[in-house]
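I have a structure I would like to understand better, so I am pasting it below and will then ask my questions one at a time.
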Amino acid sequence: MYILACQGARYNVPFFFQGFHLKRDLERLITEALAALQREGVLSIDTLPTVQIERTRDARHGDFACNVAMVLATTSRIKPRELAERICAAIPAATFDIVEKVEVADPGFINFFLKFDLFHSAPAEILKKKEKYGRSNGGQGKRVIVEFVSANPTGPLHVGHGRGAAYGDAVANLLEAIGFNVHREYYINDTGRQMDILGLSVWLRYLERCGELIEFPINAYRGDYIKDIAIALHKKEGTSLCRSADVVMQGVPPEIDAEAQLDRLIEQAEALIGKEDFRKVTDLAIQAMLEDIREDLAQFGVEFDEWFSERSLVGSQAVEKVIDRLKKGRHTYSEGGAFWFKASGFRDEKDRVLVRENGQPTYFALDAAYHLDKFNRHFDRMIDIWGADHHGYVPRLKAVIEAMGEDREKLDVRLVQFVSLYRGQEKVQMSTRSGEFVTLRELREEIGRDAARFFYILRKSEQHLDFDLQLAKSQSSDNPVYYIQYAHARICSVMRQMEQKNLRWDPDEGVRNLSKLTEPHENALLATLILYPGLVEDAAQSEEPHQLAYYLRELANDFHTYYNAHQFLVDDEPLRDARICLIQATGQVLRNGLGLLGVSAPEAM
RNA sequence: GCCCUGAUAGCUCAGGGGAUAGAGCGUCCGCCUCCUAAGCGGAAGGUCCCAGGUUCGAAUCCUGGUCAGGGCACCA
């Protein structure tokens, strides 16, 4: 039983309203009404439809509306308006604990007008729960793994990774807020040819550092960060790994294609300094990159519970376990010297290679092993956040999960669309190897962490994001994040003013006088505050943090409008206490919401 | 060729089987003796890409186009 104890008024709200998820509560009540009509034989339908409640746009239509009477009109052979009336008559009495009145409107809408008391109970509820307001336990402590970013450690994070980081972290925060036990994980692709190219790139820069004249391969990693690692290598190893350019370039004919040239150079490097030392160079490079990435993400406000190394799978028979399972189900075969998985039998468009002709497992085989590992860690739910360029990869991963005998529905892959960078009208080309990209770090330094995170979140993930650096930089004060933060800062400022004026705020007195808040601006703000917990749940369940961003903008707007229209620090003490309750509650919700998005709520701007 | 996304105000984008389609920015007009004007109020601005279909009702769902971005490896 959820009771708000206030001396003046006592709000008794039945247990099923305690989450303040009003839409869901109303949906349940309508469903009950429909079930009753069904039992009475009024409704002769087999299955009840999913009842949908929506917020009204027009205040004349109340606070929430339901269209179910129109949806059911055809199948039930009852006129929508008449059906709506019957549904209203069958609504459980408990409804009127939160609903003032229910109206039927043409052509068959059922409109709900919420009780005013309910709005007035919001600030007290918020001030009581503080940072817990908006948190719930719908997730019931179920374990969910969110894997995101997982960028290859071949270069610094760029703005595309930033989007995945901002999105993934916000989703993780939201799921935590609704009671899931969230595990944040970063998968490190630290094996394969790309690592060799990374090591080679560093080694060649190191040779330059040693004074050798190297024609740097066009397809090697060209960014300056490679030179930095080379400097570190030089400091650590001196010239012991140096070989003359002539010897290095020997046997690398200039006319062969760029990729073949890289392979030859890697062979040369391993031959000249030994596989072991080349591996040491590569490892140094990987560690340097990971350190850079880790630090960068920490500055961005993103921390992981686990950094899962692909290498750890290589030595652990993980791929063999995958193959064993697939073999047992007879989902494999050999052809052309390679070892295949019959993915086409599991809704993928063609079969996939697990082990190459040269005996090396494919990336896919390792990723299957990685996901098998996730299953072995017994998560109830798994979310992968990938760049949209990997979308073709989803069916084969789901296929192999199913073929291994696991539940493919446990995995939810969210694709985050690309970020296109613009400087004014000009599109910025991005490529890790060429080194021409804007890093996440640069972005943060230019426009700040808060603006960057909010900007990323503002677009729904499946939308392409055009990020105009000039706009974000030059007009940063127009960025909606400042608008929201400003609302919070203003609230803090009011409190400072209050102290300066030697006024005191009595929260209990304020709560007792909440019914004095009757201005339209106050009603609007109260109505928005009360929607927050339901919104958090919806945003979390649909993995759409942008919903929260838009909500916070609306909340800030309600506050700014109120601020402009009314003085809070009025002489009427009970009214003043009540108004401060309202704005303190607003500040709390702004803090809670911004926190979930990884954005700060400054006390002054 | 096949597969994903998207197309909504001048620009960037929310929304999305239902009542008069929304916001920010930009433009125009107002508002500081007063808690921060990084704010507020108002105005102008739309064939929701096109054509069919389903439906009591389509910007929303389906089919087919057009345009844009991205995927279709024994790379990762």
Side-chain angles (χ1 to χ4, degrees), chain A residues 52 54 56-58 60-61 65-67 70-71 73-74 79-80 105-109 111 150-152 154 189-195 197 259 310 335-340 349-350 352-367 387-395 415 417-418 420 455 458-468 471 475-487 489-498 500-501 503 521 544 546-547 549-550 553-554 556-557 559-570 576 579-580 583 604-605:
Chain A
Q52 294 203 335
E54 57 175 20
T56 55
R57 298 209 182 103
D58 190 328
R60 285 173 302 179
H61 302 135
C66 182
N67 67 350
M70 289 175 288
V71 173
T74 309
K79 283 177 190 160
D106 280 327
F109 286 104
N111 293 330
S150 298
N152 293 346
T154 53
N189 292 122
D190 51 4
T191 70
R193 184 167 173 266
Q194 286 190 65
M195 291 303 108
I197 298 171
E259 290 301 319
E310 186 182 4
E335 191 182 292
F339 189 69
W340 295 72
E349 56 185 19
K350 48 185 160 184
R352 306 292 174 180
V353 171
L354 289 165
V355 183
R356 289 190 279 255
E357 206 177 343
N358 65 9
Q360 291 296 310
T362 56
Y363 171 80
F364 170 59
L366 282 157
D367 212 19
D389 53 333
H390 287 70
H391 94 266
Y393 198 81
V394 179
L415 300 173
Q417 286 290 337
F418 275 25
S420 300
F455 224 91
L458 209 47
R459 299 275 168 280
K460 59 179 172 183
S461 58
E462 59 264 37
Q463 271 273 8
H464 294 254
L465 172 58
D466 287 343
F467 211 127
D468 186 334
L471 196 77
Q475 302 193 354
S476 62
S477 63
D478 294 327
N479 192 306
V481 69
Y482 293 104
Y483 180 85
I484 297 165
Q485 289 180 319
Y486 183 44
R490 266 185 154 176
I491 291 164
C492 296
S493 173
V494 171
M495 300 309 283
R496 287 192 294 268
Q497 278 293 321
M498 188 184 71
Q500 271 180 26
K501 290 182 179 175
L503 299 172
H521 290 114
E544 291 184 338
H546 75 275
Q547 284 189 30
Y550 279 86
R553 216 222 148 262
E554 202 178 312
N557 181 34
F559 170 76
H560 284 308
T561 305
Y562 179 37
Y563 180 97
N564 257 65
H566 298 281
Q567 193 75 17
F568 307 143
L569 302 176
V570 289
R576 187 175 71 220
R579 284 188 170 170
I580 292 178
I583 67 167
M605 295 182 74

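In what follows, chains are A, B, ... by sequence order, proteins preceding strands, each numbered from 1. Note that the coordinates shown come from a computational prediction; the quantities given were computed from them, not determined experimentally. The figures here come from the full heavy-atom set of this structure, side chains too, leaving out hydrogens, waters and symmetry mates.
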| message | Is B:rC32 syn or anti, taking syn as a glycosidic angle within 90° of 0? | response |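 Syn for B:rC32; the angle stays within 90° of 0.
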| query | Which of parallel (below 30°), tilted (30 to 60°) and perpendicular (above 60°) describes A:Tyr393 and A:His390? | reply |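 Perpendicular: the ring planes of A:Tyr393 and A:His390 meet at over 60°.
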| field | Side chain proximity check, A:Tyr563 to A:Ile583, heavy atoms < 4.5 angstrom | value |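 Heavy-atom side-chain distance check fails, nothing below 4.5 Å.
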| request: Check whether any side-chain nitrogen or oxygen of A:Thr74 sits under 4.0 Å from OP1 or OP2 of B:rU55, and answer yes or no. | output: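 False: A:Thr74 side-chain N/O out of range (4.0 Å or more) of B:rU55 OP1/OP2.
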| query | Hey, what do you get for CG (A:Asn564) to CZ (A:Arg490), rounding to the nearest 0.5 Å? | reply |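 That separation rounds to 6.0 Å.
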| Counting only heavy atoms not in A:Gln497, do more than 12 sit closer than 6.0 Å to its CD atom? |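 Enclosed.
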| field | Stacked pair A:His390-B:rG71, distance under 5.5 Å, angle under 30° | value |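 Aromatic stack with B:rG71 absent for A:His390.
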| message | Regarding A:His566, tell me which of base, sugar-phosphate or nothing describes its non-hydrogen contacts under 4.0 Å with the strands shown. | response |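 Base, at least one base heavy atom under 4.0 Å.
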Between the protein and nucleotides 4-10 of chain B, which nitrogen or oxygen pairs come in under 3.5 angstrom?
| unit_1 | atom_1 | unit_2 | atom_2 | d |
| --- | --- | --- | --- | --- |
| B:rU5 | O2' | A:Glu462 | O | 2.7 |

| message | What is the separation between atom CG on A:Asn564 and atom P on B:rC34, rounded to the nearest whole Å? | response |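 The distance from CG of A:Asn564 to P of B:rC34 comes to 14 Å, rounded to the nearest Å.
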| query | So does A:Tyr483 get a side-chain nitrogen or oxygen closer than 4.0 Å to the phosphate oxygens (OP1/OP2) of B:rC40? | reply |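 Result: yes.
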| said: Run through RNA chain B and report every stem of 3 or more consecutive Watson-Crick or G-U pairs, distances under 3.5 Å, ordered by first number. | reply: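 Consecutive-pair runs (3 or more) involving RNA chain B: B:1-7 with B:66-72, B:10-13 with B:22-25, B:27-31 with B:39-43, B:49-53 with B:61-65.
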| A:Met195 side chain near A:Asn189 side chain, heavy-atom distance below 4.5 Å |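 Side-chain contact under 4.5 Å: no.
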| task | Please tell me which of the listed nucleotides, B:rC74, B:rG18, B:rA76, lies nearest to the side chain of A:Met70? | result |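 For the A:Met70 side chain, the nearest candidate turns out to be B:rG18.
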| A:His560 vs B:rG41: side-chain N/O to OP1/OP2 distance below 4.0 Å |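 Checking B:rG41 against A:His560, no side-chain N or O comes under 4.0 Å of OP1 or OP2.
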| task | Go through B:rC74, B:rC35, B:rA73 for me and flag the one nearest to the A:Leu569 side chain. | result |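 For the A:Leu569 side chain, the nearest candidate turns out to be B:rC35.
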| Counting just side-chain N and O atoms, does A:Asn557 come under 4.0 Å of either OP1 or OP2 of B:rC40? |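 A:Asn557 to B:rC40 OP1/OP2: side-chain N or O found under 4.0 Å.
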| query | Does the base of B:rG18 carry an N or O that pairs as donor and acceptor with the side chain of A:Asn67 under 3.5 Å? | reply |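 Such a pair is found, so the answer is yes.
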| Can a side chain N or O of A:Arg553 be found less than 4.0 Å away from OP1 or OP2 on B:rA14? |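 Indeed not, no polar side-chain atom of A:Arg553 lies that close.
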| query | Could you state the interatomic distance from CD (A:Gln500) to OG (A:Ser493), rounded to the nearest 0.5 Å? | reply |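 Here the interatomic distance stands at 8.5 Å.
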| Do the side chains of A:His546 and A:Gln463 get nearer than 4.5 Å, heavy atoms only? |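 Result no, sub-4.5 Å side-chain heavy-atom pair not found.
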